[in-house]
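Just below is one structure, and these are the notes that go with it.
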Amino acid sequence: MTHHSRLVFNLSLLALTAASPAVMAQSPSTVSGMANREIARRYARIEDARTAMDRGDKLFSEGDYEGALSAYKNAIDSLPNAPLTSDWLDLAKLKYADCSVTVAQERAKAGNYKEARQLLEGATSYVPGHKGALVFSKQLEDPDRWPPGLTAEHVTNVGKVQSGLLLGNSSVELGNYDAAIAQYQDVLRTDPYNTAARRGMENAERKREAYFKSAYDHQRAKMLAQVTETWEDKVPVQGQAVSFEYGVGRSPGAYLTEKMNTIIFPTVQFEGATIQEAIEYLRIKSRDLDTTQDKSGVKGVNIILRTGDAPSNASISLDLKDVPMSEALRYVTELAQMKYKVEAHAVLVVPLSENASEQYTRSYRVPPDFLSTGGGDPGAGPAPAANADPFANNGGAAAPGASNLIARKTARQILEASGILFPEGASASYNPANSQLVVRNTQPNLDLVEAYVESITKLAPKMVVITSKFVEVTQKNTEELGFDWLLGGVGIGNLVMGGGSTGNGNAYNAANYPFQASNLVIPGYYVGTEQVFPNIPVAAAFAGSIPLGAVPGNSVSGANPNGTSPFPYGGGPVTAGNRSGGFAISNSSIDNLLTTGSTTATTSVAPGIFSTAGIFSDPAFQTVLRGLSQKKGVDLMSAPSVTTKSGTRATMEVTREFIYPTEFDPPRLPQGGGGLNVGGGGGGGQQIATPTTPTAFEMRQTGVRLEAEPTVGADGNTIELTLAPEVVEFDGFINYGSPIMSPSSQSVLPIQLSTGTIGYVPLQQPERLITPNIINQPVFSVRKVTTGVSIWDGQTVALGGLIREDVQDVQDKVPILGDLPFVGRLFKSESEQHYKRNLMIFVTANLIDPSGQRIKPANATQAAAADTAAGPGSVGTLLPTVAPGN
């Protein structure tokens with residue numbers, strides 16, 4: 001419909017609307033009046049349709065396509081199919097068809113293909129040949145554009161995945177890695193093959209790993225600091241004594257009982273008072289005399305009176321002084337023929353006849369080993385025969401067919417053994433299928449049963465997960481700095497001075513000094529720029545191949561005329577008494593014995609890092625700077641875990657079985673030997689010996705071993721732990737045997753002389769090794785702690801104290817020269833080695849139920865954080881791997 005035609009219809013509609021009062025004023029019984037009313041009704045419907053279409057246009061512009069479609073449908077329904085409203089009806093159908101195509105596209109995006117096709121069919125039914133509906137119907141048949149497998153659930157999951165990934169990324173950016181991992185796991189529950197969630201979890205785990213590395217460095221530094229801190233002699237702290245409030249785990253009425261014992265009444269006087277008056281006096285007076293108050297701020301004692309069938313005319317007369325409230329209450333109730341019971345929050349005064357004979361039935365859920373708590377009853381078993389002969393072949397056993405097992409007590413016997421009475425008609429039965437105890441008894445006895453069931457439920461064996469962590473940190477730091485000096489001879493007239501002799505430290509050899517005669521060259525002789533005599537190697541000069549006098553102005557101190565290997569250039573040592581390297585710091589004798597087989601280890605000086613040498617006319621010197629800075633750390637962690645019942649010892653082992661011999665057969669040596677042997681054969685042939693042979697062995701477990709016995713307390717939260725951790729390491733073998741040598745012997749060698757006679761030349765046979773006779777025995781290092789502690793559920797106990805530090809500090813100097821300011825440092829040698837070792841054992845105990853779930857949540861705040869949306873922020877969003885079809 002064009003704009004001009006719509007304007008004409010609007011004008012005519014306004015004219016009819018203005019004329020409608022005149023039309024309605026006509027007589028309703030006339031034909032013209034009825035026609036005019038029908039015309040007015042139709043124009044009113046046209047007005048309603050126009051209003052509905054305007055509302056639909058507004059909703060469509062706002063994006064509410066569903067509401068616009070409903071408004072257009074209302075406009076169609078309100079217009080009659082008449083020539084007067086045909087144009088308005090066509091306009092409403094056109095708007096409805098256009099909106100149906102838009103809504104169909106939204107339904108298709110949501111995977112509702114069926115509803116989308118129904119909307120398109122409705123559009124073409126109102127406007128046959130509608131272009132938009134026909135085009136989109138054709139597109140729906142294209143599987144590349146609209147996948148047939150797309151469903152509404154899939155599209156909903158896409159939204160969940162997108163929001164979940166965004167939430168997880170935000171949590172990672174905010175540093176809440178545990179919540180991020182939980183959110184990524186929710187994404188994987190929706191889309192199990194979402195790689196973006198896995199990448200996000202990988203990113204979160206890497207950031208957690210970075211934190212744990214810093215935590216590792218902190219823990220290592222902390223443990224090493226503990227080793228150093230142990231050297232401190234702490235000053236005792238003086239302060240006030242600490243008072244503890246006991247009472248945890250008391251009965252519910254223990255607090256009120258204690259309060260009534262502390263409230264002292266100066267006077268209690270009654271003359272013919274009723275029980276109500278006496279109880280009210282005690283209640284009011286307790287508030288005035290109560291010097292303490294509970295956590296809620298309530299003072300005094302609450303007393304509840306339940307008279308029942310108690311005597312109503314009971315008269316109470318008392319005259320007491322300085323009496324506790326508990327005694328005053330006892331006297332009052334006895335005179336009134338009543339009794340009182342202390343409960344958790346009040347004192348209940350009841351008649352003496354409160355124990356009614358009426359019985360009730362109750363069921364209780366008890367532990368599965370309820371019948372085992374009462375133990376076996378030997379009397380319940382089959383009685384032996386009267387004529388049983390204890391000396392018979394069967395040893396006095398029961399008759400054939402009788403059971404030798406001790407019969408268990410019944411549920412009633414267990415309850416009666418606990419002091420619960422069972423009057424006539426009372427009973428108790430236990431159903432092991434569902435662990436249910438059914439008791440029929442009076443109300444007071446049922447209260448006792450309930451208390452007993454509660455006690456055994458708390459004391460029932462619980463399972464405990466014990467997680468141990470052995471962390472051992474070893475650090476070895478070596479620092480050394482020193483100077484080595486060599487000084488050749490200096491001649492002043494007939495006086496020659498130079499370095500000294502080899503001391504108790506550095507060995508004076510060519511390996512410890514870089515400048516040697518073999519690599520030094522005596523410079524040639526120059527006249528102006530012309531070289532008169534070439535450069536001469538010092539080694540050749542020492543060997544005597546070149547006369548030293550041929551070199552004008554040069555001479556070599558300490559020349560060796562025999563041509564043997566020269567000493568290091570520079571002459572004798574000056575600082576050989578300053579210890580360095582292995583001469584200063586060495587292992588213990590047992591360590592040397594384990595590593596080298598000898599109590600004396602091979603020693604060497606520290607490596608040189610800088611050297612200098614000088615050659616003058618006569619004297620020569622050499623200086624070597626020896627420095628060393630080494631750090632070596634070895635960290636070991638082992639974390640075994642085990643689940644056990646309360647009161648049951650558990651053993652955790654991460655060990656190796658080391659088998660070694662303990663008994664040996666002695667070596668069997670060859671017989672004979674010694675004496676005079678003619679012919680030089682050394683005896684009657686080759687001597688064979690059987691070495692020491694092991695005959696018995698033992699096994700020793702090396703590694704980490706932890707024995708733990710948990711016992712859950714009555715409160716269900718405290719755990720008593722008996723711990724015995726042990727760390728056994730194999731250090732090496734020590735040979736306790738010694739080699740067996742054959743004794744020396746003398747023999748003669750016959751020779752033929754020139755005269756033709758036979759002569760004999762004596763030959764001496766040296767000692768020979770028969771067998772090394774090795775008897776190796778292992779050496780183990782053991783670190784063990786035995787202790788008992790009390791912790792709460794989920795807490796961790798740290799066992800320390802296995803701390804050791806070996807410190808070796810050497811400071812050597814040359815007398816007089818080493819004391820000079822500044823320059824004296826060149827004649828000093830300082831070495832220091834710290835060997836720290838710290839073993840910490842962490843034990844965590846958690847209570848679990850039979851399903852394996854922890855009774856106490858690990859961290860409720862973390863669980864809540866996983867469900868909390870991250871705040872707004874600019875974060876990078878990972879693209880989901882599921883997406884809508886177009």
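Only heavy atoms go into these numbers, but all of them, side chains included; no hydrogens, no water, no symmetry mates. Please read these numbers as outputs of a predicted model, since none were measured by experiment.
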Test item: Ser163 side-chain N/O and Gly159 main-chain N/O as donor-acceptor pair under 3.5 Å: yes
Donor-acceptor contact present, side-chain Lys299 to main-chain Asp290, <3.5 Å: yes
Ser171 and Gln183: side chain donor to acceptor below 3.5 Å: yes
Salt bridge flag under 4.0 Å for residues Lys339 and Glu334: no
From CA spacing to verdict: side-chain contact (heavy atoms from CB on, under 4.5 Å), Tyr331, Leu329: CA-CA 5 Å; Tyr331 289 135; Leu329 183 61; over 6 Å; no
Where Val704 and Thr655 come nearest, the two heavy atoms and their spacing: O-CG2, 3.4 Å
Side-chain touch Leu335/Phe270, heavy atoms, less than 4.5 angstrom: no
Test side-chain contact (heavy atoms from CB on, under 4.5 Å) applied to Leu446 and Tyr364, step by step: CA-CA 10 Å; Leu446 289 178; Tyr364 306 91; 3.9 Å; yes
Asn717 side-chain N/O to Trp792 backbone N/O, donor-acceptor pair under 3.5 Å: no
Separation of Thr796 OG1 from Ile841 CD1 (nearest 0.5 Å): 13.5 Å
Met840/Leu799 under side-chain contact (heavy atoms from CB on, under 4.5 Å): CA gap, chis, key distance, verdict: CA-CA 6 Å; Met840 297 290 292; Leu799 305 178; over 6 Å; no
Flag, side chain of Asn441 to backbone of Leu421, donor-acceptor distance under 3.5 Å: yes
Side-chain heavy atoms of Thr190 within contact of Asp186, under 4.5 Å: no
Ser641 backbone acceptor or donor facing Thr467 side chain under 3.5 Å: no
Approximate separation, where rounding is to 0.5 Å, of Lys222 NZ and Asn838 CG: 10.5 Å
Heavy-atom closest contact (Pro423 atom, Thr442 atom, distance): CG-CG2, 4.3 Å
Lys321 side chain near Thr267 side chain, heavy-atom distance below 4.5 Å: yes
Contact check, side chains of Met652 and Ser468, non-hydrogen atoms, under 4.5 Å: yes
Working for side-chain contact (heavy atoms from CB on, under 4.5 Å), residues Val332 and Leu318: CA-CA 8 Å; Val332 168; Leu318 283 177; 3.7 Å; yes
Beyond-backbone contact of Ile466 with Pro710, side-chain heavy atoms, under 4.5 angstrom: yes
Backbone of Pro324 reached by a side-chain donor or acceptor of Glu327 within 3.5 Å: no
Side-chain donor-acceptor pair present, Ser427, Arg440, cut-off under 3.5 Å: no
4.5 Å side-chain heavy-atom contact, Glu280 and Gln276: no
Side-chain heavy-atom pair Tyr430, Val439 within 4.5 angstrom cut-off: no
Straight-line distance of Met260 CE to Met325 CE, nearest 0.5 Å: 6.5 Å
Residue pair Ser326 / Asn261, side-chain donor-acceptor N/O under 3.5 Å: yes
Under-4.0 Å salt bridge between Arg208 and Asp178: yes
Spacing of CD belonging to Glu709 relative to CD belonging to Glu720, to within rounding of 0.5 Å: 11.0 Å
Over all atoms of both residues, closest heavy-atom pair of Ile264 and Pro266: O-CD, 3.5 Å
Quiz item: cation-pi between Lys469 and Phe842, 6.0 Å / 45°: yes
Side-chain ion pair, Arg649 and Glu707, N-O less than 4.0 Å: yes
Val187 versus Leu165, closest heavy-atom pair with distance: CG2-N, 3.8 Å
Smallest separation among heavy atoms of Tyr452 and Ser418, with atom names: CE1-OG, 3.1 Å
Donor-acceptor contact present, side-chain Ser363 to main-chain Val438, <3.5 Å: no
Distance, nearest 0.5 Å, that separates CD1 of Ile263 from CD of Glu258: 11.0 Å
Least distance between heavy atoms, Pro725 atom then Val785 atom: CD-O, 2.8 Å
CE-CD1 distance between Met338 and Ile316, expressed to the nearest 0.5 angstrom: 9.0 Å
Side-chain touch Phe265/Leu289, heavy atoms, less than 4.5 angstrom: yes
Check: Ser435 side chain, Asn431 main-chain N or O, donor-acceptor pair, under 3.5 Å: no
